[in-house]
There are 2 protein chains.
Amino acid sequence: MARRVVRKPTKIVVDLDDRKATILKAVVVEHIDTAQPVGSSAVAASADLDVSSATVRSEMVALEREGFLAQPHTSAGRIPTDKGYRYFVDHLQSGVLGSVQQKQVKDFFASVRGEVEEVLEQTSTLLSQMTSYTSVVVGAGHAHATILSVQLVSLDARHHLLVTVFSDGSVIKHSLTPNFEATPKEVMEASRQLNALLISTSLESRVQVPSRHDNEAALVREAVSILHAQQPVMEGEQVFIGGSSKVAEVFDGVETVRQVLAILEQELLVVSLVQDILDQGLSVAIGSEHGFAPLSTCALIVAPVTIDGAPAGAVGLLGPTRMKYREAMAAAEVVSAHLSRHFAGVDDRG
Amino acid sequence: MARRVVRKPTKIVVDLDDRKATILKAVVVEHIDTAQPVGSSAVAASADLDVSSATVRSEMVALEREGFLAQPHTSAGRIPTDKGYRYFVDHLQSGVLGSVQQKQVKDFFASVRGEVEEVLEQTSTLLSQMTSYTSVVVGAGHAHATILSVQLVSLDARHHLLVTVFSDGSVIKHSLTPNFEATPKEVMEASRQLNALLISTSLESRVQVPSRHDNEAALVREAVSILHAQQPVMEGEQVFIGGSSKVAEVFDGVETVRQVLAILEQELLVVSLVQDILDQGLSVAIGSEHGFAPLSTCALIVAPVTIDGAPAGAVGLLGPTRMKYREAMAAAEVVSAHLSRHFAGVDDRG
DNA sequence: ATTAGCACTCAGTAGAATTGAGTGCTAACA
DNA sequence: TGTTAGCACTCAATTCTACTGAGTGCTAAT
């Protein structure tokens, strides 16, 4: 899966006068809450606006003309368009998590233990439970990590395992099945040579492989080529998706649910989507903004995870365009911050 | 997650006279096909039965009294009960896969490469695509496998990785974060001792740990305890679920979809469910047969995977009780057989 | 510029009537 | 005795109609 084209952020500076903005926000808030079209009188009733519904109506006509609102049919209220949501999100004062959730996150990170993968997986479950949306946690690949150790272990004369340990704490294995039989001694020797050759290199750097014709050299060559072969696939990017059942909760229409689930199944696609949004410098992609048609009824919130300033992955939340942006964004940010700190903390704890 | 209680197979020998059996089967087949209640005249029209609809009706009354059929309401046709499906499945002559699918499986296993995990994952996708049902592939844990190699790798003075290679080709890692600083030399020495201590043992066997008070001994003790600690969690059982989006295709009602998805999220639950069914010696659990209420509208087909006769996991298919049993069972069996052969083949290929 | 007032639109709802697939029962029949 | 044609009955689903009411757009008055 190739990384998708990076589009420049198409930040259109929109500005609405105060009253229009208030009305738009009221419509968005109400519609997020009720999932129904919002009428002018409901907006007029919205306290901080001292005008009649008629005035609201004429403003709404303008907002519709400008593309912020839409009408499902003539005699219905208005619903926000993607552009409407965008305005809303851009003008959202960043929310604060409820104290219960604050505590939930705190407790989680105070007690979570285990390998990185487990932490990420559980984080994904946490995020999903906190928000009632489907969560995505992406762990960065280890292309840049250096190799700490390479070991060749024999299963039998023709089947060996290449176990590589990286400086970021990840371990990957590869099967090595040469078309000749190797003695334990040859395997050990190859293992030794691989260590000498690869330690402190990264998967990106090329190394000089021995050109001799003996078995050790053959093993070494095969091992090195396997290791280097995996890079372009951006292997090692780990994805953890939590709460896919939430999809059935927050989207309506079985067909929509099916489509979204089908996309979540293609994990590489999800990763590139998240990356794409991050690359654009956005924290939310609404509706068609990510240019991916099947998800045009979705919004995707992302927050980067960094370790000591370096990008190390991301957390995301997937919901309908009428999702609770403030709460969800706050949750994503808090969790990604905790996650960043957690991993930084692992390295200099004690 | 504790393994669930093993219930004895409650095989009730049911026998129906020929005509009742034919009628029952006709109802099942038709209902699986149409998802609608089946009426007496539809059954009567079913070629291999030369009776009028009135006769069919009176037989249906009997079948309903005996619990094989049910009526959604007075003036509707009949639908099969779980018991009805059970009879149908028990009297199903084992189906053969269509030649297209035959080829699909063959091609897949001829070309599939890579690590066990990848093969299992892809198999799960294959099964799901072949059948349009959600698939479950369970890889057995490595509690019984013996240790081929143990290696302790330092990230820094206080953070080490314990990398263990098992005879079944699996590799697991554990973080080791002792509360003292260890020199590279001590780590290497501990690694050496661990090897001497653990090679050829399994996770089940206890070993004598050194009781000295130096750093190596402490590292060794911690490593051994971590390794042995993981067993009761039946860690290492891998689950791969493929085609969860199919849930939204084959079940009707968003709520049902949500429930099923929520269950699929709890992978350990799924594993124990599959194991439970296998332990009962069944190949299909229909409706409430598995005793798990939230899945009472589902049927779960399972087929064991064995390597050289020893159980090594299972494949499963989850669908509604009105699923296409013959095709799905055939697919599960063929795939599990291929999978068994594939892994056996890996060990003595060439 | 704002708003009260009003005619108009149209999805949604409720009720009534109708349809029709399907049943159970019974009486006649082989 | 088992089978079947016939018939009255049931009831979900469909169709139709009328109505409701939330909401709009427009206009004339403030």
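Worth knowing before you read on, the calculation uses all heavy atoms, side chains too, and leaves out hydrogens, waters and symmetry mates. Throughout, protein chains are lettered first and strands after them, A, B, ... in sequence-line order, and every chain is numbered starting at 1.
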Of the options [options], whose atoms approach the side-chain atoms of [X] most closely?
X       : options                : answer
A:Thr55 : D:dT4, C:dT2, D:dT24   : C:dT2
A:Arg19 : C:dT3, C:dT23, C:dT2   : C:dT2
A:Val61 : C:dT23, D:dG25, C:dA11 : D:dG25
A:Ser75 : C:dT3, D:dG23, D:dG25  : D:dG23
A:Ser41 : D:dG23, D:dT24, D:dA5  : D:dG23

Does B:Ser58 reach a base, just sugar-phosphate, or nothing at all? Heavy atoms under 4.0 Å. nothing
Write down the distance between [atom1] ([X]) and [atom2] ([N]), rounded to a whole number of angstrom.
X       : N      : atom1 : atom2 : value
B:Lys20 : D:dT3  : NZ    : P     : 10 Å
A:Gln36 : D:dG23 : CD    : C1'   : 13 Å
B:Arg57 : C:dG22 : CZ    : C1'   : 8 Å
B:Met60 : C:dC25 : CE    : C1'   : 17 Å
A:Arg78 : D:dG23 : CZ    : C1'   : 9 Å

Please confirm whether any donor atom in the side chain of A:Thr74 sits under 3.5 Å from an acceptor in the base of C:dT9, or the reverse. no
Between C:dG22 and B:Ser40, is there an OP1 or OP2 to side-chain N/O distance shorter than 4.0 Å? no
Taking the six-membered ring of A:Phe88 as reference, does the NZ or CZ atom of A:Lys25 fall below 6.0 Å from its centre and within a 45° cone about the axis? no
